[in-house]
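Inspection log for the structure reproduced underneath, given as structure tokens.
Each chain gets a letter, A, B and so on, in the order its sequence line appears, and its residues count up from 1.
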There are 2 protein chains.
Amino acid sequence: MAVTRRRGRAAGESTAGEIRSVALDQFYKHGFQATTLRDIASRVGIQVGSLYNHITSKGELLFDIMETVMLDLLEDQRQQAQEPDVVERMRLLVYHHVRFHGDRAKEVFIGNSELRSLNRQQRARIVTLRHEYEGMFQKELEDGIRQGKFLPVDVQLTAYGILAMTTWVSSWYSPRGRLSLEEIADIYSDMVLRGIWNPAAGQLQTHLRRVGRDSAKRLLAAAATK
Amino acid sequence: MAVTRRRGRAAGESTAGEIRSVALDQFYKHGFQATTLRDIASRVGIQVGSLYNHITSKGELLFDIMETVMLDLLEDQRQQAQEPDVVERMRLLVYHHVRFHGDRAKEVFIGNSELRSLNRQQRARIVTLRHEYEGMFQKELEDGIRQGKFLPVDVQLTAYGILAMTTWVSSWYSPRGRLSLEEIADIYSDMVLRGIWNPAAGQLQTHLRRVGRDSAKRLLAAAATK
DNA sequence: TAGACAAACTAACGATCGCTCTTTGGCACA
DNA sequence: TGTGCCAAAGAGCGATCGTTAGTTTGTCTA
């Protein structure tokens, strides 16, 4: 009997790439545990057993996704950390954190919700990378406080708060939503800076991108005439 | 042959209560999908089949937990919403959101991470309750902006941000940590108010609980003399 | 003391899981 | 035109899952 065998490849993507991309979708939609290899295989258009020509295990597939996105994020943000002014540096970190979390929402969401599904060594590796990343924000807060630009806030709590607020973008952002990713990133960077700015260090205005800059006079005037 | 049969009850808790409490722990630690009824049963000290004298299904057990915590949260916060001053009202909402999310971290964490594991009707119900809750924060923001107390920020994004930051407390808070839950709640309420306060409406100081109130002079002086 | 009832037990069903192993098809290259 | 090899198919293993059914036990009540 003639057997229909999958031939050739989708344009520009290897089977391994397809598997990774389909797994990403399914892990994002249904979670790692609820996603079966049979589901992934059928969406790629191959049989379950054939998956193992490309992956070593289901768990390793998850780990690859999570490690890749963390390494990419760290690399992106190390670029921003070269800005000399501490306030601007913090603004850039927040801004690009939001951008990254919107652009790569699925991977990031998985990275934040599937730590439990990793084995001990895998989890240790990811946790190390995450600590390293959190450290970047804590360092900027400490710098800013030392320079008198930021209020002497609790560094750990503030970093957690900033990261939580901006990371959450990955769970609701849609490219077809009311606001562009750039607008969202601007709004959140402004909010963060206002939340930690030390009034004794002068005006924050020059660092803001939306409320308080171009539109500042209009907005404040509107509020005052109420 | 004599069979050892589970007799009596743990002090003060019914079997149904024990099941719920054990399920809570396991769903929190390993997630819903990764938790088996055999695991729950063995921790309660009964056989798998016996569970069904107390639950209707595994999924219903999850839904019960998620609905209960949302209803309790809504009830708690409706109390706070009676405060007449809008700034203080917002502060109380944030403060009690943090307290609730620390006190009932496990339930809340499950509520935020297991939406995917519910069926269609269950999910619709929980989503409705969550929308209702988010609405409380959006309403306060609108009120505050209308009164000129808050900057004319994007209401939806700001509400999302506030809720994300404060909800995240449930994933790291420990009663044995460096800060008490009350301190954490104070710090975050202050941060939120600073982030949305309209300078044209005067001083924020009287509404703050930590930075900017008792310790304000010292902190600002320290920053200024740098 | 008999009977009703709640709640435990045991056993097993059917489905599905991740994964392994063997076989087979078809393309690149000699 | 042959040949080697990669990647597919396909069958199936052993374990485990949620759930159901039937039975047994202990206790409270009439």
* **Nearest to side-chain heavy atoms of B:L37, which nucleotide of D:dA8, D:dT19, C:dC19** => D:dT19
* Mapping A:R38 and B:H54 onto DNA chain C by nearest heavy atom, which one lands closer to the 5' end? -> B:H54
* **A:S189 (side chain) donor-acceptor with A:V94 (main chain) under 3.5 angstrom** => no
* Asked: Whole-Å distance between D:dT20 P and B:L51 CG?
  -> 12 Å
* Should the pair A:H97 and A:Y133 be assigned to parallel (<30°), tilted (30 to 60°) or perpendicular (>60°) ring geometry? -> parallel
* Between B:S50 and C:dC9, is there a side-chain N or O to OP1/OP2 distance below 4.0 Å? -> yes
* Write down the distance between CD (A:Q33) and P (C:dT16), rounded to a whole number of angstrom. => 18 Å
* Asked: To the nearest angstrom, how far is A:D39 atom CG from C:dC17 atom C1'?
  -> 13 Å
* Just checking B:T36: base, sugar-phosphate only, or nothing, at a heavy-atom cut-off of under 4.0 Å? -> sugar-phosphate
* Asked: Looking at C:dT10, D:dG10, C:dA8, which one has an atom nearest to any side-chain atom of B:Q47?
  -> C:dT10
* Asked: Quick one: do B:D39 and B:R43 make a salt bridge, cutoff under 4.0 Å?
  -> yes
* To do: Can you tell me the distance, in whole Å, between the OH atom of B:Y52 and the C1' atom of D:dA21?
  => 13 Å
* Which whole-number value in Å describes the distance from A:I55 CD1 to D:dA7 P? -> 14 Å
* What nucleic acid atoms does B:T56 come within less than 4.0 Å of, heavy atoms only: base, sugar-phosphate, or nothing? -> nothing
* Would you indicate, yes or no, if C:dA8 has its OP1 or OP2 atom less than 4.0 angstrom from a side-chain nitrogen or oxygen of B:T15? => yes
* Atom-to-atom span, CD1 of A:I40 to C1' of C:dC19 - whole angstrom -> 14 Å
* **Residue pair A:D143 / A:R89, side-chain heavy-atom distance below 4.5 Å** => yes
* Heavy-atom closest contact (B:M136 atom, B:A81 atom, distance) -> CE-CB, 4.1 Å
* Kindly say whether, by distance alone, the side chain of B:N53 makes a donor-acceptor pair under 3.5 Å with the base of C:dA6? => no
* To do: Nearest whole angstrom, please: distance from the P of D:dA7 to the CD1 of A:I46.
  => 11 Å
* To do: Please state how far atom NE2 in A:H30 lies from atom C1' in C:dC17, giving the value in whole angstrom units.
  => 16 Å
